[in-house]
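All remarks here apply to the structure that follows.
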Amino acid sequence: MTEIKPHAAHWGAFDAVVEKGRVVGVRPFGRDPFPGTLIQSIPDAVHGKARIDRPYVREGWLKGGRRGSARGGDAFVPVSWDQAIRLVAEETARIRGEYGHPSILGGSYGWSSAGRYHHARTQLHRFLGLGGGFTAQVTNYSYGAGMTLMPHILGDNEVLAGRLTDWAAIRQNAKLMLCFGGLPAKNGIVTAGGAGAHEYQPLMRAAAEAGVRFVNISPFRGDAPDFLNAEWVPIRPNSDAAMMLAMAFVILEAGKEDRDFLARCTVGFDRFAAYLRGAADGTPKTPEWAEALTDVPAATIRRLALEAAGAPNMMTATWSLQRAENGEQPWWALVALAAMLGTIGKPGQGVGFGYGSANGMGTPRIDVPSVSGVPVRNPCGAYIPVARITELLERPGETLQYNGRELALPDIRMIWWAGGNPFHHHQDLNRLLRGWNRADTVVVAEPWWTSVARHADIVLPATTTLERNDIGSSSRDRFVRAMHQAIPPVGQARNDADFLADIADALGYRAAFTEQRDEMAWLTHMYGRWRQACAAQGIEVPDFATFWEQGFVELPPPEESYTQYADFRGDPEANPLNTPSGKVEIFSETIAGFGYQEVPGHPAWIPPREWLGGEAARRFPLHLLSFQPATRLHGQMDSGRVAEAARVKGREPLLMHPQDAAARGLKDGDVIRAFNDRGAIAAGLRVTDGIRPGVVAMATGAWWNPARPGATDAPCIHGNPNVLTQDVGTSRLGQGSAAQSCLVQIEAWPGEPPPVTVHAPPPVAEGA
Ligand SMILES: Nc1nc2c(c(=O)[nH]1)N[C@H]1C(S)=C(S)[C@@H](COP(=O)(O)OP(=O)(O)OC[C@H]3O[C@@H](n4cnc5c(=O)[nH]c(N)nc54)[C@H](O)[C@@H]3O)O[C@H]1N2
Ligand SMILES: Nc1nc2c(c(=O)[nH]1)N[C@H]1C(S)=C(S)[C@@H](COP(=O)(O)OP(=O)(O)OC[C@H]3O[C@@H](n4cnc5c(=O)[nH]c(N)nc54)[C@H](O)[C@@H]3O)O[C@H]1N2
Ligand SMILES: [Mo]
């Protein structure tokens, strides 16, 4: 008998096709105009050999190996759930008692699954918070630098997280869209919380058809889909701030700045203008100055600046632009540029970050919240900016500068992870592992033998989303989706919420954790709260039983298009921004007051250390960009058919310009070795003139496969770029990930590379 079960993932809503307790296929949600192919990997992953079949404990840990143990090389010993829960509870109690709550790193960053109730990280935070607290991770990898900066400049983070000026407003009003980092089609597959409708491509297409001219300013031509007919400006990576400053200079020189807007709605323009003219450093930020830094011809910079001054326009940058050394600068410079043009708050014009970064950014949607998860609080209050994890592990007792504050770094004794993969997301993995090995104990909950599970001491097998009931919901999507349990748990997997309740029980606080609700009681409760929030805004949605039965709720479309900052622009005194001045801060006294040399009080050109324009490029002459994968969500579904089909001789593909390939005697399909002082990886070469010379690019997400498991200096034979990326904060202001500032050299892989082993379970020892 075949059953069809409504369900959802971050990469799309779907119906699972189930036969004899197995997911045998998936069909896109009928209301999705552009579902994409990623969902096709789901059956492979759910029933694949990389699933963790039962709880395990690292052999060395069982023998007493704690702080300083080498992780990732030992065999795993199978244990029962009862044993695993007892070991975790006893160790948690010991660490809390001996070292205090901040010694537990519970930040557990990561995307987990789309369901709001079973969201593993939220469940873990609830569990650790009710037990007294943990060291948390704030901000994110996506836009950590930008989200720390923008509250100073624009008063909040709407300009990068939404609600953005929507595509309807752009289509109706703009004639030009300048896209730094492009509008990559592949990123539109994903919406956090589940995409009921992929409207990203149809909305962009409609804007192009309505006559908006697109410019793709990026090292990679493929960052703009063909149907946009975009002009390609192949800029040197990490130099965008210089181009933006030169465009601002051209506008100033031509006297085309909007004096009225600058006076009414901004502060600090005069000091910025003085910087552009070179008052302090003697360097006017001319297009000729910028050409030497960006490789973009001065004439192109001048032409684009004047075109923007003469046509209704929207300007955007991808989130990736700020994932680089001094990544705050290009974003701040783009806001300053839009402020000079006076476009902010004009219908369909202005600036917005991330139109090219995820589905739902700029999708017209009424402004009601999404369904929220279980409540969390962290009484201990310790935190780090998320991407400073290795520094935290390396420098206990020391301090870290962040956004004008000095944070104390606790001595981490225990690491918990559920729903994320630091050996996917973090930079300089060999260095991370050295820091990671300082912990006494690492507990990881995972459905799969990902690299974070392989580097744990206690491994708890979690269900996948198809093995439980949940609700998929995103503030960027019109659909709320019922996620019906499709199959029983695979192997001995259990839901995060259920084994955390058992551990809480062993520690004496089960009732506080569960509030006496089971799965369906929580779902009914969460949906009920959301329904009330909708009702408060005059939106009627069906009751839970009806929603569950029909499989989804669709929110009504908005009646009008939406432009951000329209009210502010109309009357800045009545509708001030949440900045100290109430206006757009082209100069920020607050930021200047932090005294960080690398972040002056206005947008500026601060060269990175690791880029093609610097000293380091003599030894490592290729700039490596590591972008989001078209074939997966980060490391998720790496064992599925979609990712498998794209691999080259079993390795992650790397894009290189024909000139760079020829200079190295390489050809399409070769297995190459990319390396720098931090490590080496194998990858499969794809030669294309769609990438500019001097730049190579590959997706993140190939599971880390060190040639010698447990080593902190072995090459990754599969192609995880984070072996090569550098681990520095964007600046002391944002302390975001600077993954996109990375230089490498490339050569042919010497001989035959060893086979990839990382999609099969690690070695298992005799039962304990
Ligand atoms: N070099 C480089 N690095 C980057 C980036 C880059 O551009 N370049 N991008 C960064 C960005 S923006 C991000 S957001 C991060 C993403 O980094 P992550 O979010 O950490 O990556 P994922 O692979 O999505 O990790 C989610 C993990 O949760 C597990 N999981 C799924 N469902 C469940 C569940 O129900 N229970 C439990 N316990 N586990 C579950 C999955 O198996 C998976 O291993 O990567 C960052 N890293
Ligand atoms: N299919 C798929 N979609 C995803 C994800 C996924 O894993 N898979 N992940 C989601 C997540 S968590 C996030 S945060 C977003 C991230 O969204 P983004 O950060 O926008 O995505 P990226 O693909 O990392 O980068 C987009 C492009 O920026 C260009 N770029 C990089 N550095 C520079 C630079 O210095 N200058 C210029 N001009 N261009 C540059 C690169 O060519 C790259 O292709 O994507 C989301 N969408
Ligand atoms: Mo992200």
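What you see is a predicted model, and the numbers here were worked out from it, not measured in a lab. Counting convention: from 1, in listed order, for ligands and their atoms alike. Sequence positions, counted from 1, serve as the residue numbers for this chain.
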for atom 32 (N) of ligand 2, nearest protein heavy atom and its distance come out as L625 CD2, 3.6 Å
Which atoms of ligand 1 are found less than 4.0 Å from any heavy atom of T463?
35 (O)
Show the atoms of ligand 1 that are less than 4.0 angstrom away from any heavy atom in A120.
36 (N), 37 (C), 38 (N)
Heteroatom distance test (S142, ligand 2): nitrogen or oxygen, under 3.5 angstrom
no
Yes or no: does P447 have any heavy atom under 4.0 Å from an atom of ligand 1?
yes
So which protein heavy atom does atom 36 (N) of ligand 2 come closest to, and at what separation?
D240 OD1, 2.8 Å
Minimum non-hydrogen distance to atom 9 (N) of ligand 1, winning option of M637, Q740, H425, Q628:
Q628
Within reach of ligand 1, part of A445 (heavy-atom separation under 4.0 Å):
both
Holding to ring-ring contact (aromatic ring centres under 6.0 Å, His included), I want the full list of residues that pass it with H10, two or more places apart in sequence or in another chain.
W111
closest protein heavy atom to atom 1 (N) of ligand 1 is N722 OD1, 2.7 Å
Counting only heavy atoms closer than 4.0 Å, does ligand 1 sit against the backbone of T464, its side chain, both, or neither?
neither
D470 side chain vs A114 backbone, donor-acceptor pair below 3.5 Å
no
Report yes if the side chains of F620 and F675 come closer than 4.5 Å at any heavy-atom pair, otherwise no.
yes
Under 4.0 angstrom from ligand 2, any heavy atom of P219?
yes
For atom 37 (C) of ligand 2, tell me which residue out of T631, L321, T700 has the closest non-hydrogen atom.
L321
The one among H118, R468, H119 that brings a heavy atom closest to atom 35 (O) of ligand 1
R468
Out of all atoms in ligand 1, which are within 4.0 Å of some heavy atom of T450? Include the element for each.
44 (O)
Which protein heavy atom lies closest to atom 42 (O) of ligand 2, and at what distance to 0.1 Å?
D223 OD2, 2.5 Å
Using a 4.5 Å cut-off on heavy atoms from C-beta on, say whether the side chain of M204 contacts that of P225.
yes
Among all protein heavy atoms in this structure, tell me which lies nearest to atom 44 (O) of ligand 1, with the distance rounded to 0.1 Å.
E446 OE2, 2.4 Å
For atom 13 (C) of ligand 2, which candidate among W319, W11, F353 provides the closest heavy atom?
W319
Within the 4.0 Å heavy-atom cut-off, what A317 brings close to ligand 2 is neither
Nitrogen or oxygen of S626 less than 3.5 angstrom from that of ligand 2:
no
Name the closest protein heavy atom to atom 22 (P) of ligand 1, giving the residue it belongs to and the distance to 0.1 Å.
H634 CB, 3.6 Å
Identity and distance of the protein heavy atom lying nearest atom 20 (O) of ligand 2:
S357 OG, 2.7 Å
Output yes when the distance from some N or O of ligand 2 to some N or O of R323 is under 3.5 Å, and no in every other case.
yes
Could you tell me which atoms of ligand 2, counted from 1 in the order shown, lie closer than 4.0 angstrom to a heavy atom of I235?
38 (N)
Side chain N216, main chain R221, donor-acceptor under 3.5 Å
yes
So, do E328 and T730 sit near enough that their side-chain heavy atoms are less than 4.5 Å apart?
yes
For atom 28 (O) of ligand 2, state which one of P608, A358, S320, P629 supplies the nearest heavy atom.
S320
Is there at least one pair of N or O atoms, one from A630 and one from ligand 2, spaced under 3.5 Å apart?
no
Quick one: does G635 get an N or O within less than 3.5 Å of an N or O on ligand 1?
yes
Counting heavy atoms under 4.0 Å, the part of L38 that contacts ligand 2 is neither
Under 3.5 Å, is there a donor-acceptor pair between the side chain of D428 and the main chain of T725?
no
So is Q636 close enough to ligand 2, meaning a heavy atom under 4.0 angstrom away?
no
Which of the atoms of ligand 2 are close to S218, meaning less than 4.0 Å from one of its heavy atoms?
38 (N), 42 (O)
Measure the shortest side-chain to side-chain distance between D638 and H718 over non-hydrogen atoms and say whether it is less than 4.5 angstrom.
yes
Close-contact set for ligand 2 against F220 heavy atoms, below 4.0 Å
42 (O)
Is there a side-chain contact between M315 and L337, using heavy atoms and a 4.5 Å cut-off?
yes
Counting only heavy atoms, which portion of N238 has something under 4.0 Å from ligand 2: side chain, backbone, both, or neither?
both
Identify, by atom number and element, the atoms of ligand 2 in contact range of R632, meaning under 4.0 Å from any of its heavy atoms.
1 (N), 2 (C), 6 (C), 7 (O), 8 (N)
Under 4.0 Å from any heavy atom of W448, which atoms of ligand 1 are there?
42 (O)
Counting N and O atoms only, with roles assigned by atom type, does the side chain of W81 sit under 3.5 Å from a partner on the main chain of Q492, one being a donor and the other an acceptor?
yes
Check each heavy atom of Q427 against ligand 1 and say whether those closer than 4.0 Å belong to the side chain, the backbone, both or neither.
side chain
With only distance considered, is D496 within less than 3.5 Å of ligand 1 through an N or O on each side?
yes
Using a 4.0 Å heavy-atom threshold (strictly under), name the region of N187 that reaches ligand 2: side chain, backbone, both or neither.
both
Pick one of side chain, backbone, both or neither for how W111 approaches ligand 1, counting any non-hydrogen atom pair under 4.0 Å.
both
Check each atom of ligand 2 against the heavy atoms of I217 and keep those under 4.0 Å away; list them by number with element.
38 (N)
Are L622 and L743 packed together at the side-chain level, in the sense that at least one heavy-atom pair is separated by less than 4.5 angstrom?
no
Atom 23 (O) of ligand 2 [closest protein heavy-atom partner, distance rounded to 0.1 Å]
K186 NZ, 2.7 Å
With a 4.5 Å cut-off on side-chain heavy atoms, are H7 and R481 touching?
no
Using a cut-off of 6.0 Å, state whether more than 12 heavy atoms not belonging to F220 lie near its atom CZ.
yes
A739: numbered ligand 1 atoms lying under 4.0 Å from its heavy atoms:
1 (N), 2 (C), 8 (N)
Test item: R632 and V642 side chains (from C-beta on) under 4.5 Å apart, heavy atoms
no
Contact summary for F214 and C179, nearest pair of heavy atoms:
CD2-SG, 4.1 Å
Side chain, backbone, both or neither: the part of L633 lying under 4.0 Å from ligand 2 by heavy atom
both
Closest protein heavy atom (residue, atom, distance) for atom 10 (C) of ligand 1:
Y141 CB, 3.6 Å
P237 heavy atoms, cut-off 4.0 Å: which ligand 2 atoms fall inside?
35 (O)
Over 60° means perpendicular and under 30° means parallel, so classify the ring planes of W522 and Y117, tilted if in between.
parallel
